[in-house]
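Okay, so here's the structure we're looking at.
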Amino acid sequence: MVVDVQNVSIRYLLGDFKDIGIKEYLVQKLTGTYEVQEFWAVKNVSFSLNAGDFLGIIGTNGAGKSTLLKAVSGIIKPQKGKIVTNGQIAALLELGTGFDGDLTIKENIYFRGALLGYTEKFMNEKYPEIIEFSELQDFENRKFRQLSSGMRSRLAFSIASLIDPDILILDEVLAVGDGAFRAKSEKKMLEIINSGVTTLFVSHSTAQMRKLCNKVLWLNKGEQMAFGDAKSVCDEYDKFIRAKGNSANKT
């Protein structure tokens with residue numbers, strides 16, 4: 001197995017001093033109003049992936065999708081359960097994560113590669129492919145903070161998908177950018193599937209899930225609703241969304 005997630009639960013503390021700041025923490029302590037609440041963003045989730053699996057994670061806003069990806073990528077640790085990964089991980093989560101706003105596009109490509117443990121020689125070989133795929137050849141000396149959100153997304157996706165990871169983690173990256181780049185990104189995803197890279201992918205689109213994924217995990221308010229082949233889980237999710245919409249229309 002390349003990814004093994006067993007009985008994972010992830011908790012956030014709402015209202016602790018790291019959340020509200022030391023000044024507000026002291027004020028609340030002095031006035032007797034200080035209170036910390038637990039929020040379980042992910043509750044007892046389990047799944048496993050083999051080499052070449054393409055997992056889609058779907059659910060409405062607040063389902064725990066992004067939190068789960070952060071745990072698999074090693075950014076946060078679960079309070080319960082365990083996560084085991086085997087291989088090099090390339091994670092594309094929030095736009096701008098892992099980039100330096102004052103460095104140029106070219107400098108950031110090498111910087112991101114170094115963070116992922118790749119040699120300068122390897123990045124020299126990959127750089128022309130990355131900059132061409134991102135369609136940012138005319139902007140390679142522009143600072144990252146000067147880029148539009150679409151340009152940032154294209155750059156981040158190009159780096160993550162073209163540096164030969166064993167595990168690729170994508171959080172709604174295909175939702176950003178124009179239609180032509182989305183189509184090119186989906187084509188690249190299909191190439192990744194055939195190359196044997198294990199991929200975890202968050203999207204609100206069951207159409208993308210059906211097209212790209214062989215497995216789908218459905219989360220709802222942190223709880224695992226279903227995990228299995230893409231068609232059956234997407235069918236269940238679409239039925240759930242239709243029922244939810246019909247219920248809202250009646251109120």
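By convention here, the first residue in the shown sequence is residue 1. For clarity, every value in this text was computed on a predicted model and none was experimentally measured.
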Please tell me whether Tyr237 and Leu212 are part of a single hydrophobic cluster in this structure, the criterion being side-chain heavy atoms less than 4.5 Å apart.
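Tyr237 and Leu212: separate clusters.
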
Mind checking whether Leu200 and Met225 sit in one hydrophobic cluster, side chains of I, L, V, M, F, W, Y counted as touching below 4.5 Å?
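They do not share one cluster, since no chain of ILVMFWY contacts under 4.5 Å joins Leu200 to Met225.
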
Is the shortest side-chain heavy-atom distance between [X] and [Y] below 4.5 Å?
X      : Y      : result
Gln79  : Ile10  : yes
Thr199 : Asp53  : no
Leu170 : Phe157 : yes
Val84  : Val3   : no
Thr198 : Leu168 : no
Val42  : Gln224 : no
Val72  : Val5   : yes
Ile131 : Ser134 : yes

Judged by atom type as modelled, is there a donor-acceptor pair below 3.5 Å linking the side chain of [X] to the main-chain atoms of [Y]?
X      : Y      : value
Lys221 : Thr60  : no
Arg152 : Arg145 : yes
Asn214 : Phe54  : yes

To the nearest 0.5 angstrom, please state how far the [atom1] atom of [X] sits from the [atom2] atom of [Y].
X      : Y      : atom1 : atom2 : value
Leu68  : Ser66  : CG    : OG    : 9.5 Å
Leu103 : Phe111 : CG    : CZ    : 7.0 Å
Thr85  : Asp4   : OG1   : CG    : 10.0 Å
Met1   : Leu49  : CE    : CG    : 9.5 Å
Ile241 : His204 : CD1   : NE2   : 9.5 Å
Leu136 : Ile130 : CG    : CD1   : 11.5 Å

Electrostatic pair [X]:[Y] at N-O distance under 4.0 angstrom:
X      : Y      : answer
Asp100 : Arg112 : no
Arg210 : Asp238 : yes
Lys121 : Glu125 : yes
Lys184 : Glu135 : yes
Lys126 : Glu129 : yes
Glu140 : Lys106 : no

Would the number of heavy atoms belonging to other residues, nucleotides or ligands and lying under 6.0 Å from CD of Glu120 be above 12?
no

Give me the atom names and distance for the closest heavy-atom approach of [X] to [Y].
X      : Y      : result
Arg154 : Phe181 : CD-CD1, 3.3 Å
Ala51  : Val2   : N-CG2, 3.4 Å
Phe133 : Ser158 : CD2-OG, 3.2 Å
Ser205 : Ser203 : N-OG, 2.9 Å
Val8   : Pro78  : CG1-CB, 3.7 Å

Just say parallel, tilted or perpendicular for the rings of Phe39 and Tyr12, cut-offs at 30° and 60°.
parallel

Under a 3.5 Å cutoff, is there a donor and acceptor pairing between the side chains of [X] and [Y]?
X      : Y      : value
Ser46  : Asn7   : yes
Asp229 : Ser232 : yes
Thr104 : Asn141 : no

Does the structure place the NZ or CZ of Lys80 under 6.0 Å from the centre of the six-membered ring of Trp40, at an angle of no more than 45° from the ring's axis?
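Flagged: Lys80 positioned over aromatic ring of Trp40.
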
Quick one: does NZ or CZ of Lys215 land under 6.0 Å from the six-membered ring centre of Phe227, within 45 degrees of the ring axis?
no

Which of these, Ile58, Leu55, Leu69, Leu219, sits in a side-chain contact (heavy atoms from CB on, under 4.5 Å) with Val202?
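The passing option is Leu69.
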
Under 6.0 Å between ring centres, would you say that holds for Tyr127 and Tyr110?
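Yes - the distance between ring centres of Tyr127 and Tyr110 falls below the 6.0 Å cut-off.
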
Should Ile89 and Ile169 be marked as a side chain to side chain contact (heavy atoms under 4.5 Å, CB included) after you check the CA-CA gap, both sets of side-chain angles, and the distance that decides it?
CA-CA 7 Å; Ile89 297 175; Ile169 297 177; 3.8 Å; yes

